[in-house]
Enquirer: 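Have a look at this one.
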Amino acid sequence: MADLTLYLDLMSQPCRSVYIFAKANKIPFNNHQVRLFKGDHFSEEFGKVNVLRKVPALKDGDFLMAESTAMLLYMARKYKTPDHWYPSDLQKCARVDEYLAWQHTNTRPHGSKVFWVKCLTPLILGQEAPAEKVDAVVTEFNTSMKNLEEKFLGDKLFIAGDEISVADLVAIVEIMQVMAGDINPFDDRPKLAAWKKRVVEALGEELFMEAHKEILNSKQMASEPLPPELLEFLKCKLQAMK
């Protein structure tokens, strides 16, 4: 049995990045499923792994950690993955770090809001979100996509240069999340669509589709009732979302 255990739910964007990275680099790990829509992250057992009660979580022997981007860099260093993932070149590495710092307040929250408003609102509140709220979150997301194309991709094949890095992986899983809300972020964005094709080819299409299978079929969630305590928690979170 591997020493490394990853606590994952592939409905989660950061979980997908960690899962894909480990699989693509043939890193042996135990896949411990934490079903967010079953409330598994509120269990006493999971609280001992991650007091923040968020996935992904990593356990390596007695070592525990949270935060997906930190996990990616930990695995890159520990397992000495190919240099392109987190380059030793100072400026290429800086490009990866730059994107990872930026995305926390841009791609990640803006893509997540689209998912919550378009996909989760009907599930949690039993009705579609108001059109003005949908328009607002989609506008924010579109701004992030424009900045990703113009500032971070530019004329390069990938964010850090000619090869895929953890920055591209973190970016693609967030962008794919909005597809659960019947929005295709690659329509009318040929540069972004070409980048996505390169990312999928670099990762392997089979692995990419395996990791995104659940999010691309997320409407099936509507047929599974949520635990009452979790439903109330999600309602409060959704209603507080600006």
Enquirer: What about Val51 and Met65, same hydrophobic cluster or not, with Ile/Leu/Val/Met/Phe/Trp/Tyr joined at side-chain heavy-atom distances under 4.5 Å?
Expert: no
Enquirer: Under 4.5 Å between side-chain heavy atoms, hopping through other hydrophobics if needed: is there a path connecting Leu90 to Tyr99?
Expert: no
Enquirer: Write down the atom of Pro122, the atom of Val117, and the distance for their closest heavy-atom approach.
Expert: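 Closest heavy-atom pair between Pro122 and Val117: CD-O, 4.3 Å.
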Enquirer: Would you say Gln13's side chain and Ile172's backbone share a donor-acceptor pair under 3.5 angstrom?
Expert: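 The answer is no, because no donor-acceptor pair under 3.5 Å joins these two groups.
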Enquirer: So Met75 and Asn25, do their side chains get closer than 4.5 Å, heavy atoms only?
Expert: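 The answer is no, as the side chains (C-beta and beyond) never meet within the 4.5 Å cut-off.
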Enquirer: Could I get the full list of ring-ring contact (aromatic ring centres under 6.0 Å, His included) partners for Tyr79, not counting sequence neighbours?
Expert: none
Enquirer: Find out whether Ile20 and Leu207 are in side-chain contact, i.e. whether some heavy atom of one side chain is under 4.5 Å from a heavy atom of the other.
Expert: yes
Enquirer: To the nearest 0.5 Å, tell me how far Met176 CE sits from Asn184 CG.
Expert: 8.5 Å
Enquirer: Do the side chains of Leu216 and Met179 get nearer than 4.5 Å, heavy atoms only?
Expert: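 Yes, their side chains come closer than 4.5 Å.
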Enquirer: Within the 4.5 Å heavy-atom criterion, are Val49 and Val34 side-chain neighbours or not?
Expert: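 Result no, sub-4.5 Å side-chain heavy-atom pair not found.
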Enquirer: May I ask you to test the Leu36-Met11 pair for a side-chain heavy-atom distance under 4.5 Å?
Expert: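 When only atoms from C-beta onward are counted, Met11 and Leu36 do not touch, as no gap falls below 4.5 Å.
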Enquirer: Are any of the side-chain heavy atoms of Gln177 and Arg16 separated by less than 4.5 Å?
Expert: yes
Enquirer: Apply salt bridge (charged side-chain N to carboxylate O under 4.0 Å, His left out) to Glu132 and list each qualifying residue two or more places apart in sequence or on a separate chain.
Expert: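 Applying salt bridge (charged side-chain N to carboxylate O under 4.0 Å, His left out) to Glu132 gives none.
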Enquirer: Indicate yes or no for a side-chain donor-acceptor contact from Thr143 to the backbone of Thr139 under 3.5 Å, with no hydrogens or angles considered.
Expert: yes
Enquirer: State, to 0.1 Å, how close Asn106 and Trp102 come at their nearest heavy-atom pair, and which atoms those are.
Expert: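 That closest heavy-atom pairing would be ND2-O, 2.8 Å.
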Enquirer: Taking the side chain as every heavy atom from C-beta outward, state whether Val55 and Cys15 have any atom pair closer than 4.5 Å.
Expert: yes
Enquirer: Tell me whether Lys78 at atom NZ has more than 12 heavy atoms from other residues, nucleotides or ligands lying less than 6.0 Å away.
Expert: yes
Enquirer: Is there a donor-acceptor pair closer than 3.5 Å between any side-chain N or O of Lys156 and the backbone N or O of Phe152?
Expert: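 At least one qualifying donor-acceptor pair exists.
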Enquirer: Does Asp168 reach the main-chain N or O of Ile164 with its side chain, forming a donor-acceptor pair under 3.5 Å?
Expert: no
Enquirer: Look up atom CZ in Phe29 and atom CG in Leu8, then write down how far apart they are to the nearest 0.5 Å.
Expert: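 Phe29 CZ to Leu8 CG: 6.5 Å, rounded to 0.5 Å.
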Enquirer: Output the distance between atom CG (Leu148) and atom CG (Leu153), rounded to the nearest 0.5 Å.
Expert: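 CG of Leu153 is found 5.0 Å from CG of Leu148.
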Enquirer: Look up atom OH in Tyr19 and atom CG in Leu169, then write down how far apart they are to the nearest 0.5 Å.
Expert: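 If I round to the nearest 0.5 Å, the distance is 13.0 Å.
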Enquirer: By ring-ring contact (aromatic ring centres under 6.0 Å, His included), which residues pair with His32, not counting sequence neighbours?
Expert: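 ring-ring contact (aromatic ring centres under 6.0 Å, His included) list for His32, sorted by chain: Tyr7.
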Enquirer: Which residues pass the ring-ring contact (aromatic ring centres under 6.0 Å, His included) test with Phe208, not counting sequence neighbours?
Expert: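 Phe208 satisfies ring-ring contact (aromatic ring centres under 6.0 Å, His included) with His212 only.
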Enquirer: Identify, with sequence neighbours excluded, every residue that meets side chain to side chain donor-acceptor pair (under 3.5 Å) alongside Tyr74.
Expert: Asp60
Enquirer: Would you give the length of the straight line joining atom CG of Asp3 to atom NZ of Lys59, rounded to the nearest 0.5 angstrom?
Expert: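 That separation rounds to 9.0 Å.
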Enquirer: If a pair satisfies salt bridge (Lys or Arg N to Asp or Glu O under 4.0 Å) and one of its residues is in residues 181-198, list it, with sequence neighbours excluded.
Expert: Asp182-Lys219
Enquirer: So, the side chain of Lys113 versus the backbone of Phe115: is there a donor-acceptor pair under 3.5 Å, distance only?
Expert: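 No; judged by distance alone, with no hydrogens or angles, the pair does not exist.
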Enquirer: Partners of Trp85 by ring-ring contact (aromatic ring centres under 6.0 Å, His included), sequence neighbours excluded?
Expert: Phe21
Enquirer: Listed by chain and number, what are the side chain to side chain donor-acceptor pair (under 3.5 Å) partners of Ser88, not counting sequence neighbours?
Expert: Asp83
Enquirer: Suppose we screen for side chain to side chain donor-acceptor pair (under 3.5 Å). Which residues come up paired with Glu98, at least two apart in sequence or across chains?
Expert: Arg95, Lys151
Enquirer: On a heavy-atom basis, which atom in Met71 and which in Ala57 lie closest, and how many Å separate them?
Expert: CE-CA, 3.5 Å
Enquirer: Nearest heavy-atom pair of Leu52 and Ala66: which atoms, and what distance?
Expert: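 Here Leu52 and Ala66 meet closest at CD1-CB, 4.1 Å.
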Enquirer: Using modelled atom types and a 3.5 Å cut-off, is there a donor and acceptor pairing between side-chain atoms of Gln103 and backbone atoms of Ala171?
Expert: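 No.
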Enquirer: Tell me every residue that passes salt bridge (charged side-chain N to carboxylate O under 4.0 Å, His left out) with Lys23, counting only those two or more places apart in sequence or in another chain.
Expert: none
Enquirer: Please test Val166 against Thr69 for side chain to side chain contact (heavy atoms under 4.5 Å, CB included), starting from the C-alpha separation and ending with a verdict.
Expert: CA-CA 8 Å; Val166 294; Thr69 52; over 6 Å; no
Enquirer: Taking only residues two or more places apart in sequence, or in another chain, which ones meet Asp89 in a side chain to side chain donor-acceptor pair (under 3.5 Å)?
Expert: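 Applying side chain to side chain donor-acceptor pair (under 3.5 Å) to Asp89 gives none.
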Enquirer: With a 4.5 Å limit on heavy-atom distance, are the side chains of Thr81 and Tyr86 in contact?
Expert: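 No, too far: nothing below the 4.5 Å cut-off.
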Enquirer: Return the minimal non-hydrogen interatomic distance between Leu72 and Ser17, and the atom names on each side.
Expert: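 What the structure gives for the nearest pair is CD2-O, 3.6 Å.
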Enquirer: Determine whether a donor-acceptor pair (N or O, by modelled atom type, separation under 3.5 Å) exists between the side chain of Thr121 and the backbone of Trp116.
Expert: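 Pair found, side chain donor or acceptor close to backbone of Trp116.
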Enquirer: Could you go through the side chain to side chain contact (heavy atoms under 4.5 Å, CB included) check for His110 and Thr105 one step at a time?
Expert: CA-CA 8 Å; His110 296 161; Thr105 52; over 6 Å; no
Enquirer: For Arg35, what residues pass the salt bridge (charged side-chain N to carboxylate O under 4.0 Å, His left out) criterion, not counting sequence neighbours?
Expert: Asp9, Glu214
Enquirer: Looking only at heavy atoms, what is the nearest atom pair of Ile175 and Pro185, with distance?
Expert: CG2-CG, 3.5 Å
Enquirer: Report the distance from atom SG of Cys93 to atom CG of Leu73, rounding to the nearest 0.5 Å.
Expert: 8.0 Å
Enquirer: Within the distance-only criterion (no hydrogens, no angle test), does the side chain of Ser112 pair as donor or acceptor with the backbone N or O of Arg108 below 3.5 angstrom?
Expert: yes
